[in-house]
Amino acid sequence: MKQISRIISIAVLLFSLSAIVQAGQLDGITVIRKMFHAAGTVTYTGTEVTRIAGNASLRSRQLIQRAGFRGMREEYIDPSAFRGEVIADDSRVSSHYIPGDKVLILRPSRLAAMRTRMRQLPRAGLKARLLGTDKVAGRKAYIVKVNARSGNGATRKLWIDAEKWVKLKTEDISANGTVVSSSYLTDIKFVKSIPADHFKIARRPGVRVVRDDARRSAMSIAQAQHKVNFHILLPAYLPAGFKSAGVMVKPFRGGNIVAIRYTDGVNSFSLFQSPGSILNRPFHDRLRHNPCRLGVDDYTWQRGDLTLTIIGRLPSNQVRQIAKSVK
């Protein structure tokens with residue numbers, strides 16, 4: 001009996017030592033790499049909430065379906081302004097149905113672009129630190145803090161499922177510690193498969209189809225200026241660490257829309273501008289009096305005859321400061 005007890009004790013000790021070694025190998029970068037892999041392979045459904053800090057009304061809730069890089073679907077159920085909107089992606093085409101406007105917008109697959117970014121991120125010099133564990137949607141999650149390459153103090157915290165390695169929650173945090181935006185799952189169910197037709201949106205009678213499938217490469221401000229007949233405006237103020245990542249010019253209704261993207265390596269926002277003549281006239285005229293927010297992450301205003309929009313998850317005070325500095 002003593003010998004059996006000794007064997008059991010040794011086995012328990014060896015198991016404990018093995019667990020310690022495995023735990024010691026689990027660091028922030030390892031968890032992030034597992035998350036990248038899971039993003040392309042794991043299939044699940046759930047409910048997600050997205051919040052923008054500083055304004056309680058900037059909150060949305062959506063039903064989600066994910067099948068790795070094979071397909072994704074988001075159906076908005078809150079707030080009422082977004083209810084019924086659906087975004088579906090079958091890894092070839094991303095379809096965005098907006099019932100209020102009776103329009104179906106077809107774009108290049110977001111999943112294809114996401115797959116490319118996922119491959120690049122592990123080599124992007126990210127700094128990731130494992131902070132501990134928590135529970136999200138009733139599941140154990142590892143908390144990982146990711147720092148921006150710019151070193152400006154902005155960070156992103158990720159809650160990653162400890163078993164399936166999918167991302168359960170995200171917080172974008174500014175340099176002063178403010179949570180700029182967050183998204184988190186309130187429930188999640190892992191499934192074997194999701195029918196392929198869930199990642200397509202059928203065309204409906206009376207719904208206008210808009211194709212936005214031109215793949216355009218980024219250009220410089222000078223190159224973009226030669227392609228448009230209005231003066232491109234630029235912000236004099238940018239949050240610390242942000243810099244231009246390129247410009248795109250997109251034909252629209254006989255005119256052009258200019259999109260300038262800014263990033264600090266982790267967070268990003270885009271500044272869109274276009275002459276009022278190519279936009280909906282009542283909406284354009286309304287902007288003469290007050291800027292407005294149409295969604296959880298956009299801010300639109302008018303400067304002269306140009307309509308400008310900032311899209312990005314930034315604190316409201318930063319968005320207003322950027323907008324005020326545009327000239």
Examine the side chains of Ser60 and Arg51 and answer whether a donor and an acceptor come within less than 3.5 Å of each other.
no

With distance as the sole test, does Ser94 use its side chain to make a donor-acceptor pair with the main-chain N or O of Ser109 at under 3.5 Å?
no

Which of these, Asp134, Thr186, Leu158, Leu185, sits in a side chain to side chain contact (heavy atoms under 4.5 Å, CB included) with Leu168?
Leu185

Excluding sequence neighbours, so at least two apart, what forms salt bridge (charged side-chain N to carboxylate O under 4.0 Å, His left out) with Lys169?
Glu171

Please round to the nearest 0.5 Å and tell me the distance separating atom CZ of Arg156 and atom OG1 of Thr170.
6.5 Å

Taking a hydrophobic cluster as the set of Ile, Leu, Val, Met, Phe, Trp and Tyr residues connected by side-chain heavy atoms closer than 4.5 Å, whether directly or through intermediates, do Phe69 and Val42 fall within one such cluster?
no

Does Lys145 form a side-chain contact (heavy atoms from CB on, under 4.5 Å) with Lys127? I'd like the steps, not just the answer.
CA-CA 8 Å; Lys145 181 179 180 182; Lys127 296 180 180 179; over 6 Å; no

Would you mind listing every salt bridge (charged side-chain N to carboxylate O under 4.0 Å, His left out) that reaches into residues 71-84, with sequence neighbours excluded?
Arg61-Asp78, Arg66-Glu74, Arg73-Glu75, Asp78-Arg83

Answer yes if Ile188 and Met35 sit in the same cluster of Ile, Leu, Val, Met, Phe, Trp and Tyr residues linked by side chain heavy atoms under 4.5 Å apart, and no otherwise.
no

Closest contact, heavy atoms only, Arg107 versus Ile105
CZ-CG2, 3.5 Å

Between Asp172 (side chain only) and Thr155 (backbone N and O only), is there a donor and an acceptor less than 3.5 Å apart?
no

Side-chain contact, heavy-atom cut-off 4.5 Å: Thr45 with Ile194?
yes

Rounding to 0.5 Å, atoms NZ (Lys327) and CG (Leu234) come to a distance of 10.5 Å

Would you give the length of the straight line joining atom OG of Ser244 to atom CD1 of Ile260, rounded to the nearest 0.5 angstrom?
6.5 Å

Given 3.5 Å as the limit, does a donor-acceptor pair link the side chain of Ser325 with the main chain of Tyr237, or not?
yes

Within-4.5 Å side-chain heavy-atom neighbours: Leu106 and Val209
yes

Pairwise side-chain contact, Arg139 with Phe190, heavy-atom cut-off 4.5 Å (strictly under):
yes

Is the cationic atom of Lys164 (NZ for Lys, CZ for Arg) positioned less than 6.0 Å from the six-membered ring centroid of Tyr44 and within 45 degrees of its normal?
no

If Ile, Leu, Val, Met, Phe, Trp and Tyr residues are connected whenever their side-chain heavy atoms lie under 4.5 Å apart, and connections chain through other members, are Tyr184 and Ile32 in the same group?
no

Does the side-chain contact (heavy atoms from CB on, under 4.5 Å) test come out yes or no for Val49 and Ser183, once each step is laid out?
CA-CA 5 Å; Val49 173; Ser183 62; over 6 Å; no

Which atom pair, heavy atoms only, marks the closest approach of Leu63 to Thr47?
CD2-OG1, 3.6 Å

Check: Thr41 side chain, His37 main-chain N or O, donor-acceptor pair, under 3.5 Å:
yes

Tell me every residue that passes salt bridge (charged side-chain N to carboxylate O under 4.0 Å, His left out) with Asp187, counting only those two or more places apart in sequence or in another chain.
none

Is Val319 reachable from Leu306 through a run of I, L, V, M, F, W or Y residues, each pair having side-chain heavy atoms under 4.5 Å apart?
yes

Measure up the Tyr262 and Phe269 rings against each other and bin them: parallel (under 30°), tilted (30 to 60°), perpendicular (over 60°).
parallel

Using every non-hydrogen atom in the two residues, find where Ile221 and Ile232 come nearest and quote the distance to one decimal.
O-CD1, 4.3 Å

Please give me the minimum heavy-atom distance between Ala128 and Val144, naming the atom from each residue.
CB-CG1, 3.8 Å

Roughly how far, to the nearest 0.5 Å, is the CG atom of Leu238 from the CD atom of Gln321?
10.0 Å

How far does CD1 of Ile310 sit from CD of Gln273, to the nearest 0.5 angstrom?
10.5 Å

Hey, are the side chains of Arg320 and Ile322 touching, using non-hydrogen atoms and a 4.5 Å cut-off?
no

Using the test salt bridge (charged side-chain N to carboxylate O under 4.0 Å, His left out), find all partners of Glu48 that sit at least two apart in sequence or belong to another chain.
none

No-hydrogen, no-angle side-chain donor-acceptor test under 3.5 Å, Thr50 and Gln62
yes

Apply side-chain contact (heavy atoms from CB on, under 4.5 Å) to Trp301 and Thr307, showing your working.
CA-CA 6 Å; Trp301 77 103; Thr307 297; over 6 Å; no

Side-chain donor-acceptor pairs under 3.5 Å in residues 195-206, sequence neighbours left out?
from	atom 1	to	atom 2	distance (Å)
His198	ND1	Gln65	OE1	2.9
Lys200	NZ	Asp90	OD2	2.8

What I'd like to find out is whether the side chain of Ile87 reaches to under 4.5 Å of the side chain of Ser95, using heavy atoms alone.
no

Go through the structure and list residues passing salt bridge (charged side-chain N to carboxylate O under 4.0 Å, His left out) with Arg303, not counting sequence neighbours.
none

Leu111 vs Met72 side-chain heavy atoms within contact, under 4.5 Å
yes

Derivation of the side-chain contact (heavy atoms from CB on, under 4.5 Å) call for Thr300 and Phe272
CA-CA 9 Å; Thr300 301; Phe272 295 84; over 6 Å; no

Tell me whether Val93 is reachable from Leu104 by hopping between hydrophobic residues (I, L, V, M, F, W, Y) whose side-chain heavy atoms are closer than 4.5 Å.
yes

Of all heavy-atom pairs linking Ala224 and Val249, the shortest is CB-CG2, 3.8 Å

Would you please indicate yes or no on a ring centroid separation below 6.0 angstrom for Trp165 and Tyr142?
yes

Could you give the distance from OG (Ser193) to CZ (Arg70), rounded to the nearest 0.5 Å?
9.0 Å

For Asn256 and Pro275 the tightest heavy-atom approach is O-CD, 3.7 Å

Any donor-acceptor pair under 3.5 Å from Asp89 side chain to Ser91 backbone:
yes

Within a strict 4.5 Å, meaning less than it, do heavy atoms of the Leu271 and Leu308 side chains meet?
yes

